[in-house]
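One structure is given here, and the rest of the page talks about it.
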Amino acid sequence: MTIQAPAGRPAAPTPGHATPLPLRREGPAKLTGQALYTDDLVFPGAWYGATIRSTVPHARLLAIELDPAFDWGRVAVVTADDIAGRNVVASIAEDQPILVPVGGEIRHQAEPVVLLAAADRDTLREARRLVSLRTEPLPPVFDPLASTVVFAHHALVKGDVEAALAADGVVVVEATYRVGHQEQLYIENNAMIAIPRGDGGMTVHGSLQCPFYVHRALRTGLGLDDAHAQVVQAETGGGFGGKEEYPSMIALHAALLARRTGRPVRMIYDRHEDLAATTKRHPAVIRHRTGVRRDGTIVAQDIELVLDGGAYTTLTPVVLSRATIHAGGPYDVPNVRIRSRAVATNTPPNGAFRGFGAPQAEFAAEMQVGRCAEAIGMSPLEIRRRNAYRAAGVTPTGQVLHDDAAALEVLERAAEASEFDWVRARTAAERAGRGPRARTARGIGLALGWHGAGFTGSGEAKMGSVASIELTGDGRIRILTASTEMGQGTKTIFPQLVAAELGVDPDDVEMAPQDTSLVPDSGPTVASRTAMVVGGLLVHAARRLKADVEGRTGRPFELSWRDDARDHGPTRIDERFSPYPGRSFDDATYSGDAYPAFGWAAAVAEVEVDLDTAEVTVLSVVAVDDVGRAIHPVLCEGQVEGGTLQAVGYATIEEIKLVDGRYLNDRLQTYLIPTSLDAPRIETILVEAPFEDAPHGAKGVGELPMDVGAPAVVAAIHDATGAWIDDLPASPERIIAALAGIAPPGPPGMSTVSAP
Amino acid sequence: MHVEPPVGSPRSLEEAYGLLASAPHRPLAGGTDMLVQLTGELGPAPERVLDLWRLDELRGIRVEGGALEVGALTTHAQIRRSEACAAHAPTLVAAVATIGAAQIQNRGTIGGNVMNASPAGDTLPVLLALDAVLVAGGPRGERSIPAVGFWPAYRSTALAPDELLLRVRIPIVDGRRQAFRKVGTRRAQAISKVVLAAAWRRDPAWRDVRIAFGSVAATPIRATAAEAALEGAPPTAASIDRAVAALLAELRPIDDVRSTAAYRLEVSGRILRRLLEDAS
Ligand SMILES: Cc1cc2nc3c(=O)[nH]c(=O)nc-3n(C[C@H](O)[C@H](O)[C@H](O)COP(=O)(O)OP(=O)(O)OC[C@H]3O[C@@H](n4cnc5c(N)ncnc54)[C@H](O)[C@@H]3O)c2cc1C
């Protein structure tokens, strides 16, 4: 790994780059098996909970039938009738029930209907088999293009697309891209334990990303006030967006059973249930019509993007926003029209996954740029050089980019480190000289991307997050935030940032547990916002604390804080987010600064394709990511490597097939992700083009690498074989169809209907 | 596992046969297939289990009477390390090296792979191609069953419920050549989408051609039309074309969760063509 300042700019100040870098806070406990994940937590007398789900994609629920031969006194049974609060999982729209009521509409396979709890698992297993649902089928909708239920839609217009496409000398390139589902596949399944309290309140411990989302869901569903709902994050084995919203559902289920039984209830999903029922990356259909001049200038982009939201709204409108804004890719094009919509189908709801709509949109955008380059006989590197955003570039929402628009820097670094031109000349020569009986083909592919840092539009301003630092009376420095650790490094970089401001050792700074009764609401741990937004609040808070203490003691903080605590007692600083100066977004016109800043990424992949079987080996990926500021370069590199590998899986093998709206790949035996043997050599180059309005310059790193990996790999497959694979994953089945001229598999992500 | 059926642990074959005669038992070897099934989630759990692990009589690899004999309880890891297997059945070594990963190979057995009778079992096409004979034993004595008739239908075998698989016998044939190719979704821990094993002699015409596939039908199969197209034919491009055409006409693969019928058919033809060209 190397860290390079963008050309012409001095290296960013890097006070956090202590040598040696601090170890991951929670690392030793994880490595030695001492970390307590949800299923490791012991609550004496706890019962086990289970969820009875629908097995049809669309139906009216007529009745819930319990086998009268069974002794139901041994089991707690909860239905929609037992919900004290409102029967909704609180989210953007309140359309998703906690449990489908009798008489209500079942909208997907795997929809929760009945909850059971028992003292032991055997009883529970027996009881589950004895609940049946009587339903009256309704016609299901599986084709997103045919769906008339629209969750959200947008139209972004800049310039005059039709006129530009019709102009002389403009080559028009058209294509349609389709991407399927992707599962987050965190190593720890979803898990929640609810403990009823003597005061009528409820405490929930679980595997989750967003404690206050779960908190709100509990208040709504159980009819509790703030003080009576408490959410505590247990050690969490990965999230990737997959534990952003569904934990609210599971927490509600556990809590309803806990209320019914008066005991703690454990709701621990096994992998099969987790795969079958929880949210996935949205499938999408994206049509591009692009006008390009022979000199490589892209003059017009006409884009139509449809996201399949599944059965309920969940986070889909926000995913659509990000997909829409990123749909053109990191290119300054004078005439742009982006029309987008997110629709309902009778499939399990789709939700957050690393990238949040951008990977889908940018896959299509990058494949399309590659197609344009080929149409005019230009190199994929050169066409990107000509069109990539520069400082002062204007995005389709009218956002004017600042000096940190590092698209060209990341592009050039990637081209240089991968020797792109040289390798591409070699693969072209190999292609030209290839005989009909060649065994393998090598190719190289390039992709450029951007990722809006933090929430879209006015999200951050509305959220008003708070992060706090406390100097306790006994002289400890404590960070209080709701930002969760999922393996990405929150607990390590926060103390690092605060320690650097205060001039103390990171080990002197503690992290308060992510417990809603202790910490302020610093917003969800999503959108790559933790380092940038919450980290920025902590830097401000640390500066204020330092000033307070030094003002009182007249000595440097690092020499006086213990004395100050003793003499003056505790000091707590609550830092609330206020919008970055001069940046605003208008929701009504959908225009303005869609993000405070953008991170920029380029990836170059080399692949080898087996020409007999179309198996793809991704040999190497050079990943160049502008993260604003690499607070902890080792963790940062880990994020880039992990995101890149997830993108390789997305590009090549990860696929869910559906029949009648049910996932067929709902076990680890059939949902395959790359193993260590499938992992390419990844060379990470971190670029630091700081976000000037964050006190520490960070823009976030979590999602950025996910945006560019897949189009780089699929472009490399094209370079190797000459085939354009427009559907993800670019599986051997799709590649062989292109090579052999046979029918390709059906569209990814769309359910087929079983033969009657 | 939550379901815990009673387990018998015989120390001799005789004792095992006695238990089998007394009540139906499901044999357990390495358990790498069985334990996945034991949860009861994927089908009924067995009522009684017969743990074979102590039956050392069923272990070991030896060359005897012109054949390579591999005991049913021999693990994939042991086969990978065996010089006798490398010398006489290199395709078997190649096949077991693709099964799961190290942990599965240390525990999983050839007998379990044969008796699990999955159409994707990676050793099965090899046993078909090498004219293996499967030796079974039970309360009524021992009998030998040729591999070609051993898997009559989807996930079933020629054994009676009270019989055990004792060993696999692979005849050693002078001048026989072998090839193996597995196509999975990733480089390890992948169930086959198509798996091919072949054996033949050349004089220089094609002789004793055996072509076997897994994952393209309800059972592992011999591609008899392709074999017939080659048998006695000269090793020319034309004979290879005829064999591939015959194969494409005889295979009837299906779409499933792992792949498509179209892919399986196309790739079966391509890997057979490659194998025959390399062998010509
Ligand atoms: C993660 C994973 C990956 C895998 N990958 C592969 C793969 O790539 N390729 C592949 O082919 N398989 C694979 N398998 C399946 C399995 O590992 C193999 O089939 C293995 O050879 C089974 O052997 P075992 O000894 O574990 O069988 P067990 O599970 O003990 O038994 C399997 C079946 O055979 C019966 N049986 C076993 N021994 C005898 C006997 N001597 N007589 C009569 N009946 C008997 C049992 O009753 C049972 O029905 C995988 C399994 C797992 C869990």
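Order of the sequence lines sets the chain letters (A, B, ...), proteins ahead of strands, with each chain counted from 1.
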Under 4.5 Å from a heavy atom of chain B, the part of A:E655 involved
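The answer is neither part of A:E655.
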
Region of B:R181 in contact with chain A, defined by heavy-atom distances below 4.5 Å
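For B:R181, the side chain is the part near chain A, not the backbone.
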
Heavy-atom cut-off 4.5 Å, strictly under: side chain, backbone, both or neither for B:D255 against chain A?
neither

Look up atom CD1 in A:I673 and atom OG1 in B:T185, then write down how far apart they are to the nearest 0.5 Å.
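That separation rounds to 13.0 Å.
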
Nearest 0.5 Å, what's the CZ-CG distance between B:R274 and A:L611?
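With rounding to 0.5 Å, CZ (B:R274) is 7.5 Å from CG (A:L611).
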
Minimum heavy-atom separation for B:A188 to A:L677, with atom names?
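Scanning both residues completely, I find the closest heavy atoms to be CB-CD1, 3.7 Å.
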
Minimum heavy-atom distance between B:R270 and A:D612, given as atom pair plus value
CD-O, 3.1 Å

In the structure I gave you, are the side-chain heavy atoms of A:L672 and B:R258 within less than 4.5 Å of one another anywhere?
no

Greater than 12 external heavy atoms within 6.0 Å of B:R187's CZ
no

So with a 6.0 Å cut-off around CD of A:E430, is the heavy-atom count from everything else above 12?
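Check passes, neighbour count above 12.
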
Mark yes or no for whether B:Y263, through its side chain, and A:T613, through its backbone, hold a donor-acceptor pair below 3.5 Å.
yes

Test your reading of the model: is there a side-chain donor-acceptor pair from A:R437 to the backbone of B:E277, 3.5 Å cut-off?
no

Could you tell me which of A:V616, A:I656, A:I742, A:T652 has the largest number of non-hydrogen atom pairs under 4.5 Å with chain B?
A:I742

In terms of side-chain geometry, is the basic nitrogen of [X] or [Y] positioned less than 4.0 Å from the acidic oxygen of its partner?
| X | Y | result |
| --- | --- | --- |
| A:D678 | B:R186 | no |
| B:D278 | A:R439 | yes |
| A:E733 | B:K193 | yes |

Among the options B:T260, B:V257, B:V267, pick out the one with the most heavy-atom pairs lying under 4.5 Å from chain A.
B:V257

Among B:G269, B:S259, B:A262, which residue has the highest count of heavy-atom pairs closer than 4.5 Å to chain A?
B:S259

